[in-house]
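Read through the structure below, which is laid out as structure tokens, and then see the notes.
Quick caveat: nothing in here was measured; it's all calculated off a predicted structure. Just so you know, these numbers use all the heavy atoms, side chains as well, and skip hydrogens, waters and symmetry mates.
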Amino acid sequence: MKHGYIKVAALSPKIKVADPKYNGDIIIRHIKEAAEQEASVMVFPELCVTGYSCGDLFLQELLLEEAKNQLFCIAEQTIQVNAVIFVGLPLAYMGKLYNTAAVLHRGKILGIVPKTFLPNYAEFYEARHFTRGMKKTVSVTLRDGVTAPMGTNQIFVCDQMPQLRIAVELCEDVWSPNPPSIGHALAGANLIVNLSASDEVTGKDVYRRDLIAGQSARLVCGYIYANASDGESTQDVVYSGHSLIAENGIVLKEAERFTNESIYSEIDVRKMEGERRRMSTFEPEDAADYTMIHFSLKEVQTQLTRFVDPTPFVPGDKSDRDKRCEEILAIQAMGLKKRLEHTGCKCAVVGISGGLDSTLALLVTMRAFDLLHIPREQILAVTMPGFGTTDRTYENAVQLIQKLGADLREISICDAVHVHFHDIRQDPHMHDVTYENSQARERTQILMDIANMYNGMVIGTGDMSELALGWATYNGDHMSMYGVNASVPKTLVRHLVRYFADTCGDDGLAEVLFDILDTPVSPELLPPTEGRISQKTEDIVGPYELHDFFLYYILRFGFEPEKVFRLSQTAFAGEYDSETICKWLKTFYRRFFSQQFKRSCLPDGPKVGTVAMSPRGDLRMPSDASVRIWMDEVERFL
């Protein structure tokens, strides 16, 4: 349960229809197997003690009594099990029969949750046997001296981790227009379990997957969907055991159909809590109508088996990645298009270095001009060689501008910077921060003044990763009139340029773009070494793939350093050792806090993803906030 992770299981045993004793034994076996996997929440399918497909046998008293007997047998076997367990069975109460989920824990029956919506259409005829569940919790006598609360409005709360609050719905409940899980979530539940017997027809698995993922997203919760398997009757329909585990719109685990597969994953309960706090429209309701039932779990450090993507900003699937790239380029271009239209500006000024960021900015500017039917010749693309410019980046800058049809302007900054050094008494042999930043500010001055000359607009090139680290010269490359890359992380910049290279239809342009992609990231502010780039950004501030990973989990979810470190170890296993990750995590926190003043006065720019740092939108952070408690935690787990 460390860091808010709870291991869960959706179990789909191959049962026998109308044989509670056999089914009880196999359920117990699955519980023991799941206990060996250290699952703390176990969910079985709907009516699994008897089988969902018993039909009119549900009217047989003997079947109902044996199902209840087996419930107690199963409960007795859970005394030593560190889990809360959900098992489906039919249960009679006050002359009516209910389709229920029994909640078991440490040998006890914590509660009984009846099904709300009873399908009675097509192949389903549950209303023939069952009664709709009551909301108000009542006390049900299960046998002499043994009672349990029964009702739909129950939430099961873990004492050791109060953030874990579990509620139940059964199969059709989630398919209805007003699922009970909506009320459960608004009453505080953040993990919904669904005991289901959803039969299989062509295409239903896709709808089912989307339904469960969508419900978990809508409710900002974890969702465990345990589905009946091929042990059910095939008299008229077939059950596939298509179980799912989802978290806030993401399917973490999915059972292969027709295999009776048990699936496991870890739900991040604390992440759900953080998301709900963040969303002002997630408005909890009075839980007075709910019964809160407490249970205890022994604290364990859940081993992560869920996939942790090392590039959270970049989709792994190529088709998804291409779609994302096209969408982002469209957002960037449309943002700039609107700004150009509003200002009446028909000239853009872009500083081109031969690096990734300025390349992307130029590509976006070109798209915006094409949308406005403004000739590309009115894009003034300025290359400004300096003390650190190499032949490779210079040639790439020139060829890129020429192939895109922009107006190439070449202005060396060397003489002007030397004059500036003389004016401020800077030793040109002293390669310090003044030496570097003087060049960056000279370039920005040139761009701004050219924009004034032609009534143009300076297009910013800096990306979000650089802004997070403060890797920009204040009032140098930090400043522009519209920053098209301001919310694009460095790892995604690379894929956007690659996507353009793959789809541009111009072999010559593609060749230039691929060489830019192969060029080390560098500000090129220090003299080259034997004609090669001597200043490599990632050697100084650390790998951008690590920093983008840190950025995503720190800003998007507010995770603490130890949790970010743990996720990094999983995501980058075999690529970076723990010491390396810690080193750059400290660098990230130190720079992120100390450089907020640069982000507090950012130019306008379009938001393209869920993480952004505009001081007018997503990140309202004081420039003088202390980083102490974050650095202290990093030191602790070091």
Side-chain angles (χ1 to χ4, degrees), residues 278 309-314 328 332 355-358 360-361 440 460-480 483-496 521-523 536-561 563-565 567-568 571-572 576 580-627 630-631 633-634:
R278 187 186 299 262
D309 192 344
T311 56
F313 290 109
V314 183
I328 290 172
Q332 290 177 281
L356 282 170
D357 291 343
S358 63
L360 177 59
T461 62
D463 64 56
M464 184 168 65
S465 305
E466 293 177 342
L467 291 172
L469 295 167
W471 189 251
T473 299
Y474 192 84
N475 204 32
D477 53 315
H478 157 262
M479 191 47 59
S480 68
V484 293
N485 295 340
S487 65
V488 183
K490 184 75 80 176
T491 49
L492 190 52
V493 169
R494 182 172 296 280
H495 284 281
L496 289 167
V521 178
S522 172
K536 297 180 180 178
T537 300
E538 291 181 291
D539 290 345
I540 302 167
V541 297
Y544 275 117
E545 61 181 346
L546 279 179
H547 286 308
D548 282 359
F549 185 89
F550 302 153
L551 173 65
Y552 180 78
Y553 284 102
I554 292 169
L555 259 64
R556 177 66 182 83
F557 299 113
F559 287 173
E560 68 272 27
K563 188 169 183 176
V564 175
F565 172 67
L567 289 170
S568 304
F572 295 100
Y576 296 105
T580 301
I581 293 172
C582 275
K583 171 186 174 181
W584 296 122
L585 183 59
K586 288 175 66 177
T587 296
F588 181 89
Y589 276 112
R590 177 176 54 80
R591 294 192 67 101
F592 181 77
F593 274 79
S594 67
Q595 301 294 301
Q596 171 62 17
F597 73 98
K598 295 179 182 177
R599 299 186 291 267
S600 292
C601 55
L602 283 178
D604 292 354
K607 176 179 177 178
V608 304
T610 56
V611 178
M613 290 186 289
S614 167
R616 297 165 294 277
D618 290 75
L619 185 62
R620 303 190 180 188
M621 172 181 169
S623 298
D624 47 9
S626 172
V627 71
W630 287 268
M631 295 298 279
E633 180 166 314
V634 176

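- For residues 545-556, the pairs satisfying side-chain hydrogen bond (donor to acceptor under 3.5 Å, both in side chains) are Glu275-Arg556, Ser465-Asp548, Thr491-Asp548, Glu545-Tyr576, with sequence neighbours left out.
- A donor-acceptor pair under 3.5 Å links the side-chain atoms of Arg616 to the main chain of Leu602, judged by distance alone.
- Here the shortest heavy-atom pairing between Pro523 and Thr537 reads CD-OG1, 3.3 Å.
- Checked against salt bridge (Lys or Arg N to Asp or Glu O under 4.0 Å), Asp477 has no partners two or more places apart in sequence or in another chain.
- Both cation-pi conditions hold for Arg599 and Phe592: the charged atom is under 6.0 angstrom from the six-membered ring centre and inside a 45 degree cone around its axis.
- Using a 4.5 Å heavy-atom cutoff, the side chains of Met613 and Ser487 are not in contact.
- The two residues Phe565 and Cys582 come nearest to each other via the heavy atoms CE1-SG, 3.4 Å.
- Summarising the geometry, atom CG belonging to Leu555 is positioned 10.0 Å from atom OG1 belonging to Thr610; distances are rounded to the nearest 0.5 Å.
- Between Gln596 atom CD and Cys601 atom SG the span is 9.5 Å, to the nearest 0.5 Å.
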| Candidate pair Tyr544 and Glu466, rule side chain to side chain contact (heavy atoms under 4.5 Å, CB included), full reasoning | CA-CA 9 Å; Tyr544 275 117; Glu466 293 177 342; 3.7 Å; yes

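- Checked against ring-ring contact (aromatic ring centres under 6.0 Å, His included), Phe597 has the following partners two or more places apart in sequence or in another chain: Tyr474.
- Residues Asp463 and Val488 come closest through the heavy atom pair CB-O, 3.1 Å.
- Residues passing the side chain to side chain donor-acceptor pair (under 3.5 Å) test with Glu560, sequence neighbours excluded: Arg270.
- Once rounded to the nearest 0.5 Å, the distance linking CG of Leu469 with CZ of Arg590 reads 9.5 Å.
- In this structure, Ser600 OG and Asp624 CG are separated by 9.0 Å, a value rounded to the nearest 0.5 Å.
- Scanning all heavy atoms of the two residues, the minimum distance from Val634 to Pro561 falls at CG2-CB, 3.6 Å.
- Side-chain contact between Phe550 and Tyr589 is absent, with no heavy-atom pair separated by less than 4.5 Å.
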| said: For a side chain to side chain contact (heavy atoms under 4.5 Å, CB included) check, start with the C-alpha distance between Phe549 and Leu567, then their side-chain angles and the critical distance, and finish with the verdict. | reply: CA-CA 9 Å; Phe549 185 89; Leu567 289 170; 3.9 Å; yes

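- Nearest approach of Ala468 to Leu551, heavy atoms of both residues: CB-CD1, 3.9 Å.
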| request: Would you check, one step at a time, whether the test side chain to side chain contact (heavy atoms under 4.5 Å, CB included) holds for Leu356 with Arg494? | output: CA-CA 7 Å; Leu356 282 170; Arg494 182 172 296 280; 3.4 Å; yes

| query | Are Trp471 and Gln595 close enough, and set up right, to give a side chain to side chain contact (heavy atoms under 4.5 Å, CB included), and what steps lead you there? | reply | CA-CA 9 Å; Trp471 189 251; Gln595 301 294 301; over 6 Å; no

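- In terms of the salt bridge (Lys or Arg N to Asp or Glu O under 4.0 Å) criterion, Arg620 has no residue partners (sequence neighbours excluded).
- A side-chain donor-acceptor contact under 3.5 Å links Asn485 to the backbone of Thr461.
- How far CZ of Phe572 is from OG1 of Thr580: 12.0 Å, rounded to the nearest 0.5 Å.
- No side-chain heavy atom of Phe593 sits under 4.5 Å from any side-chain heavy atom of Ser626.
- Pairing each heavy atom of Gly470 with each of Arg591, the nearest pair is O-NH2, 3.6 Å.
- For Asp539, there are no salt bridge (Lys or Arg N to Asp or Glu O under 4.0 Å) partners, not counting sequence neighbours.
- Side-chain contact check for Leu492 versus Met464: every heavy-atom pair is 4.5 Å or farther apart.
- You'll find the side chain of Ile554 reaches within 4.5 Å of the side chain of Phe588, heavy atoms only.
- Distance check: Asn475 CG to Lys598 NZ gives 11.5 Å after rounding to the nearest 0.5 Å.
- By the neighbour-count criterion of 12 heavy atoms within 6.0 Å, atom NZ of Lys586 is sparsely surrounded, having that number or fewer from other residues, nucleotides or ligands.
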